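Chain letters run A, B, ... following the sequence lines, proteins first, then strands; residues in each count from 1. Hydrogens, waters and symmetry mates play no part in the numbers below; they use all other heavy atoms, side chains included. Just so we're clear, the structure is a prediction, and the values are computed from it rather than from any experiment.
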2 protein chains.
Amino acid sequence: MPGGRPRSFDADTALDRALEVFWRQGYEGTSLIDLTTAMGINKPSLYAAFGNKEELFGKVLARYLEGPGGYTSAALEAPTTREVVRLLVHGAVDLTTGQETAHGCLCVKSVQAGGPDAEPVRRDAVAARKAGEAALRRRLEQADDLPPGHEPADLAVLVHTVSDGIAVQAAAGRTREELTRVAESALHALFD
Amino acid sequence: MPGGRPRSFDADTALDRALEVFWRQGYEGTSLIDLTTAMGINKPSLYAAFGNKEELFGKVLARYLEGPGGYTSAALEAPTTREVVRLLVHGAVDLTTGQETAHGCLCVKSVQAGGPDAEPVRRDAVAARKAGEAALRRRLEQADDLPPGHEPADLAVLVHTVSDGIAVQAAAGRTREELTRVAESALHALFD
DNA sequence: GGGGTAATGTACCGATAGGTAAAAAACTTT
DNA sequence: AAAGTTTTTTACCTATCGGTACATTACCCC
């Protein structure tokens with residue numbers, strides 16, 4: 001059982017190229033030609049390696065969450081609640097205002113995709129968000145240093161909401177410096 | 001100089017129908033057939049009355065900002081800073097989780113539209129957001145009851161950011177009850 | 001009851017969307 | 001070197017996209 005013609009591209013770097021264009025243009029705003037051009041391959045190769053556009057997006061989203069979005073799970077291991085939240089909101093600023101990446105968050109962008117054929121993509125994004133929020137809630141439920149008057153579940157959603165807002169602001173053109181001040185203001189409001 | 005055949009539709013209600021579908025499906029996710037079907041007219045009538053898809057969206061966005069989005073300017077007239085912010089965040093919850101409207105915010109959705117041909121739409125949305133933020137900042141600059149340690153400009157952006165986050169959460173399926181708790185948590189963090 | 005005028009209905013346009021069939025090319029094994 | 005396997009290349013498919021030409025219809029004015 002031998003192997004045939006070898007691949008002319010690396011699957012992971014091709015996924016990274018696809019991530020760039022999906023991140024910048026969103027699922028609905030990205031065409032197959034955009035993808036194949038960015039990935040340096042042609043359509044049959046794309047389909048053979050990654051499935052159709054929808055499946056490719058699923059793989060790209062997973063790679064996004066584990067790569068650029070990996071700071072979220074790392075943040076949960078910080079010792080204090082304040083530090084956890086600080087890493088989350090500043091991480092959101094860094095992620096969404098990167099100099100070499102598109103501004104905004106792929107997951108936030110995707111959850112807003114409204115077209116009928118984008119619904120599976122939307123569901124993927126919603127599922128990823130739910131998982132992230134559940135992890136943060138569990139972390140906060142085990143904390144003993146919550147800000148006074150805040151329930152763990154509510155605080156988890158609030159922090160998530162601020163992160164989402166940061167992503168929207170970044171996509172709308174707000175600079176990293178401005179959003180860093182926003183993150184600091186949010187921390188000040190919550191913990192000082 | 002008489003008028004020819006009269007219109008068979010009311011322009012404002014047609015705009016409202018177009019608003020519904022743009023709100024639900026976004027600019028890129030909405031086709032002309034979606035629009036003409038919802039508006040009850042055919043394409044030549046649409047083009048004669050509203051211009052092309054892009055111009056139609058501009059008129060729809062203006063109508064959205066003055067109608068469902070009108071609570072933002074009304075909120076600025078509240079006597080206290082806390083009341084202004086309270087009206088803004090709870091207004092965002094009401095707007096984005098309406099029972100008879102799509103969940104999420106048209107303006108937030110549009111600012112995330114990434115396709116190349118959606119760029120003028122994105123600019124319209126960004127301009128509307130800038131105007132709203134400037135109005136809030138001016139209102140806060142004249143206040144003498146800001147929460148301690150917050151600058152007016154930073155607070156304006158933070159409140160806007162929380163509203164954006166609420167819109168994203170609503171689009172992702174969060175319920176009105178949950179988001180009401182988020183709004184209350186945000187107020188508590190800022191003012192209590 | 002005819003002009004003039006503006007909106008409607010129908011049918012169509014080129015371009016592009018996502019997706020695929022089939023043949024040529026590059027490798028491994030025997 | 002020949003058979004078998006898998007990828008690449010090229011060319012093409014149908015459906016739909018936003019947008020429009022043209023003839024028809026319904027109104028006002030005289």
Side-chain angles (χ1 to χ4, degrees), chain A residues 1-15 17-18 21-22 24-61 110 113-122 124, chain B residues 1-15 17-19 21-22 24-61 110 113-124:
Chain A
M1 54 283 276
R5 178 171 178 169
R7 275 216 178 112
S8 65
F9 62 94
D10 178 63
D12 282 339
T13 62
L15 278 182
R17 300 272 182 277
V21 55
F22 272 136
R24 177 158 300 126
Q25 306 195 352
Y27 179 77
E28 297 176 296
T30 300
S31 71
L32 284 185
I33 305 181
D34 294 333
L35 290 168
T36 53
T37 302
M39 299 166 87
I41 63 180
N42 40 31
K43 283 191 269 187
S45 298
L46 190 156
Y47 276 79
F50 306 107
N52 62 10
K53 185 184 175 187
E54 185 181 315
E55 293 178 71
L56 169 62
F57 182 87
K59 298 190 194 337
V60 164
L61 181 61
S110 307
D117 52 342
E119 212 238 319
V121 161
R122 211 184 71 92
D124 282 355
Chain B
M1 56 284 275
R5 178 170 177 171
R7 274 214 179 113
S8 67
F9 62 94
D10 179 63
D12 282 339
T13 62
L15 278 183
R17 301 273 184 275
L19 169 56
V21 55
F22 272 135
R24 178 158 302 130
Q25 306 194 351
Y27 179 77
E28 297 176 297
T30 300
S31 71
L32 284 185
I33 304 181
D34 293 333
L35 290 168
T36 55
T37 302
M39 300 165 88
I41 65 181
N42 41 31
K43 283 194 267 186
S45 298
L46 189 156
Y47 276 79
F50 306 107
N52 60 12
K53 185 185 176 186
E54 184 181 315
E55 293 178 70
L56 170 62
F57 182 86
K59 298 190 196 335
V60 164
L61 180 61
S110 307
D117 52 342
E119 211 240 319
V121 160
R122 211 184 69 94
R123 293 177 41 145
D124 282 356

What is the distance, to the nearest angstrom, from the [atom1] atom on [X] to the [atom2] atom on [N]?
X	N	atom1	atom2	result
A:Glu55	C:dT20	CD	C1'	15 Å
B:Phe50	D:dG19	CZ	P	15 Å
B:Glu28	D:dG18	CD	C1'	14 Å
B:Phe9	C:dA6	CZ	C1'	12 Å
A:Leu56	C:dG18	CG	C1'	13 Å
A:Arg7	D:dT6	CZ	C1'	10 Å
B:Asn52	D:dG18	CG	C1'	9 Å
A:Tyr47	D:dT10	OH	P	19 Å

Does [X] reach a base, just sugar-phosphate, or nothing at all? Heavy atoms under 4.0 Å.
X	answer
A:Thr30	sugar-phosphate
A:Pro6	sugar-phosphate
B:Ile41	nothing

Spell out yes or no: do the side chain of B:Lys43 and the base of D:dG19 have one donor N/O and one acceptor N/O closer than 3.5 Å?
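When only heavy-atom distances are counted, B:Lys43 does reach the base of D:dG19 through a donor-acceptor pair under 3.5 Å.
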Return the 5'-most residue of the pair B:Arg5, B:Leu32 with respect to DNA chain D, ranking by each residue's nearest nucleotide.
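With B:Arg5 and B:Leu32 compared, the 5'-side residue is B:Leu32.
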Does a nitrogen or oxygen in the side chain of [X] sit under 4.0 Å from OP1 or OP2 of [N]?
X	N	result
A:Asn42	D:dT9	yes
B:Ser45	C:dA7	no
B:Ser8	C:dT8	yes

Answer yes or no: is there a side-chain heavy-atom contact under 4.5 Å between [X] and [Y]?
X	Y	value
A:Phe50	A:Met39	yes
B:Leu35	B:Ile41	no
A:Leu32	A:Tyr47	yes

Examine A:Lys53 relative to A:Phe22 and say whether NZ or CZ is less than 6.0 Å from the centre of the six-membered ring and inside a 45° cone about the ring axis.
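Output no; distance or angle outside limits.
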Could you check whether any side-chain N or O of A:Asp124 sits under 3.5 Å from a backbone N or O of A:Val121, counting only pairs where one atom can act as donor and the other as acceptor?
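A pair under 3.5 Å: no.
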Out of D:dC17, C:dG9, C:dG18, which nucleotide sits closest to the side chain of A:Ser31?
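Between D:dC17, C:dG9, C:dG18, the one nearest the side chain of A:Ser31 would be C:dG18.
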Which nucleotide sits closest to the side chain of A:Lys53: C:dT20, C:dT10, C:dG19?
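Of the options given, the side chain of A:Lys53 lies nearest C:dG19.
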